[in-house]
Amino acid sequence: MKLLVTGGAGFIGANLVHHTLATRPQHEVTVIDALTYAANEASLASVRDKITFVQGSITNTELVDKLISETDLVVHFAAESHNDNSLNDPSPFIQTNLVGTYTILEAVRKHGKKLHHISTDEVYGDLELDDPAKFTDQTPYNPSSPYSSTKAGSDLLVRAWVRSFGIHATISNCYNNYGPYQHVEKMIPRQITNILTGIKPKLYGAGQNVRDWIHVDDHNAAVWAIIEKGTSGATYLIGADGEQNNKAVFELILELMGKPVDWYDHVNDRAGHDMRYAIDATKLRNELGWTPQYTNFRDGLQATIDWYADNEAWWKPLKAAVEANYAKRGQ
Ligand code: NAD
Ligand code: DAU
């Protein structure tokens, strides 16, 4: 099968490329990536001779049309992905997440190809801390930020193209991923690399917000289960029951890195900060037989810390600019 991975030089996309070459070497992989600030070509350096890499935007109609005409399946990761950036300037989020997804859908429709659309649990908004409920595929959409609202819009476009034009597409919504190759703007790599460079970790607000953490390899294994066994038009929620509040995650990172567990600063909170995410992944587990492999968060986090400690050349050039941006916002 010929596979087109959009956003394959980003965090989850690059991990999907590695995962695919390791587990399904029979497939031919092409990556399209605009190489925005969030991409890192070094993430694909070790496999560049095994894939085709195209630098370009998913909003480029001609390029997307050509690449999709030559593929069997599109796995669509490309997006502007950071909530804090979307609060600063929503415009690239509108372009990539909405117009880019529309551009892909039109080419998929024209050429009769398959699509798997990667989305987020943030389309459902947030939950109260004491709410026993978790998100399911029946939860109404209620996004909070420019990022999550553009992701919600992109999901709805996919659903409309399935219903009205009969394209073959599946959607998955996953929560917070961690693991190697994640940009240092995101919470876990930011704090690990802060500690590695002698900076105190920066906790937003009181740190009571809860995120549900999944290892990126478990996410990508679920994506493959959906591609291979999912039903067109269906939405699958991917989650591994990893709820933790931010303060607890900070304390664990500090403990694993040999620092006092209170060695962090409280900084300005995020505007409109979602309180809690939690996913009920029963449908994925029961219908497709997927189960997570990284069930011990402490071990997965330790491996991630080791990866950042061993791969300074991958993240060090990005660090100062990211921290300068955060400092402007008092974060
Ligand atoms: P990322 O920011 O690390 O990578 C995004 C990639 O997309 C980058 O390589 C970037 O260059 C590329 N890109 C951006 N605009 C583009 C454009 N116009 N054309 C082509 N390429 C473009 O993001 P990520 O964390 O790997 O997230 C990937 C996908 O997974 C996103 O759709 C995101 O919404 C979704 N998601 C992420 C998480 C998470 O925890 N990171 C959780 C659930 C869902
Ligand atoms: O739930 C899925 C989403 O997870 C994805 O759709 C997004 O692409 C991905 O970025 C992530 O979104 P979050 O906003 O939850 O992730 P982030 O890493 O930015 O922040 C995680 C939590 O940590 C959040 O409650 C804010 C807090 N935080 C973040 C940073 C960067 C801090 O306390 N300090 C920080 O320095």
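One-based numbering, in listed order, for ligands and for the atoms of each. Residue indices begin at 1 and follow the sequence shown.
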At less than 4.0 angstrom from any non-hydrogen atom of Glu185, what atoms of ligand 2 do you find? 31 (C)
Please verify whether a non-hydrogen atom of Gln331 lies at under 4.0 Å from ligand 2. no
Under 4.0 angstrom from ligand 1, any heavy atom of Ile118? yes
Whether the Asn173 and Tyr236 side chains hold a donor-acceptor pair (N or O, under 3.5 Å, no angle test) is what I'd like checked. no
Would you say Gln191's side chain and Met187's backbone share a donor-acceptor pair under 3.5 angstrom? yes
Taking only heavy atoms of Gln191 into account, list the atoms of ligand 2 that are under 4.0 Å away from them. 34 (N), 35 (C), 36 (O)
Give the contacting part of Asn176 toward ligand 2: side chain, backbone, both or neither, where contact means a heavy-atom distance below 4.0 Å. both
The protein heavy atom nearest to atom 4 (O) of ligand 1 is Gly10 CA, 3.4 Å
Just distances here: any N/O of Met187 and N/O of ligand 2 closer than 3.5 Å? yes
Below 4.0 Å from ligand 2: does a non-hydrogen atom of Lys151 turn up there or not? no
Has ligand 2 got any nitrogen or oxygen that is less than 3.5 angstrom from a nitrogen or oxygen of Ser81? yes
Tyr326 side chain to Glu185 backbone, donor-acceptor under 3.5 Å: yes
I'd like to check Leu252 versus Leu301 (side-chain heavy atoms, cut-off strictly below 4.5 Å). Are they in contact? yes
Check: Ile12 N/O within less than 3.5 Å of ligand 1 N/O: yes
Please work out which of the three classes, parallel, tilted or perpendicular, describes the rings of Tyr141 and Tyr124, given edges at 30° and 60°. perpendicular
Qualifying residue for side-chain contact (heavy atoms from CB on, under 4.5 Å) with Val249, from Leu254, Val210, Leu203, Ile188: Ile188
Check whether any side-chain heavy atom of Tyr277 lies under 4.5 Å from a side-chain heavy atom of Asn176, and answer yes or no. yes
Between Asp33 and ligand 1, find which residue part has any heavy-atom pair under 4.0 Å and reply side chain, backbone, both or neither. both
Yes or no on salt bridge (Lys or Arg N to Asp or Glu O under 4.0 Å) for Glu243 and Arg276, after CA distance, side-chain angles and deciding distance? CA-CA 9 Å; Glu243 281 189 63; Arg276 172 175 161 249; 2.8 Å; yes
Ligand 2 N/O within reach of Lys202 N/O, cut-off under 3.5 Å: yes
Backbone or side chain, does any N or O of Thr96 fall under 3.5 Å from an N or O of ligand 1? yes
So which of Tyr277, Tyr178, Tyr204 gets nearest to atom 33 (O) of ligand 2, if we judge by its closest heavy atom? Tyr204
Does any donor atom in the side chain of Thr193 or Lys319 lie under 3.5 Å from an acceptor atom in the other side chain? yes
Side chain or backbone of Lys186 under 4.0 Å from ligand 2, or both, or neither, by non-hydrogen atoms? both
If you scan protein heavy atoms around atom 1 (P) of ligand 1, the nearest is Ser81 OG, 3.5 Å
Yes or no: does Ser119 have any heavy atom under 4.0 Å from an atom of ligand 1? yes
Out of Ser57, Ala79, Gly7, Cys174, whose heavy atom is nearest to atom 5 (C) of ligand 1? Ala79
Heavy-atom nearest neighbour in the protein, as seen from atom 1 (O) of ligand 2, with distance rounded to 0.1 Å: Asp121 OD1, 2.7 Å
Looking at Asn15 and Phe11, would you say the former's side chain and the latter's main chain have a donor-acceptor pair under 3.5 Å? yes
Side chain or backbone, does Lys151 bring an N or O within less than 3.5 Å of an N or O on ligand 1? yes
Hey, what's the ring geometry for His76 with His117, parallel, tilted or perpendicular (30° and 60° as the breaks)? tilted
Between Ala34 and ligand 1, does any nitrogen or oxygen pair lie at a separation below 3.5 Å? yes
Going by the 4.0 angstrom heavy-atom rule, the piece of Thr59 near ligand 1 is neither
Classify the ring geometry between Trp224 and His27 as parallel (under 30°), tilted (30 to 60°) or perpendicular (over 60°). parallel
Residue His82 vicinity, atoms of ligand 2 by number, heavy atom under 4.0 Å: 19 (O)
With respect to Glu185, determine whether any N or O atom, backbone or side chain, lies less than 3.5 Å from an N or O atom of ligand 1. no
Thr120 to ligand 1: N or O pair under 3.5 Å? no
N/O of Asn209 under 3.5 Å from N/O of ligand 2, yes or no? no
Could you say whether the N/O atoms of Tyr175 and ligand 2 ever approach to under 3.5 Å? no
Is Tyr178 touching ligand 1 with its side chain, its backbone, both, or neither, if touching means heavy atoms under 4.0 Å apart? neither
Any nitrogen or oxygen of Tyr326, main chain or side chain, under 3.5 Å from a nitrogen or oxygen of ligand 2? no
As an exercise, identify every atom of ligand 2 less than 4.0 angstrom from a heavy atom of His273. 24 (C), 25 (O), 26 (C)
Is it true that Thr235 and Asp137 share a donor-acceptor pair across their side chains at a distance under 3.5 Å? no
What atoms of ligand 2 come within less than 4.0 Å of a heavy atom belonging to Arg190? 35 (C), 36 (O)
Below 3.5 Å, N or O to N or O, backbone or side chain included: is there any such pair between Phe77 and ligand 1? yes
Minimum-distance protein heavy atom relative to atom 12 (O) of ligand 2: Glu122 OE2, 3.0 Å
Which of the listed options, Ile58, Thr36, Ile188, holds the heavy atom that is closest to atom 13 (N) of ligand 1? Thr36
May I ask you to list the atoms of ligand 2 that are less than 4.0 angstrom from any heavy atom of Leu203? 33 (O)
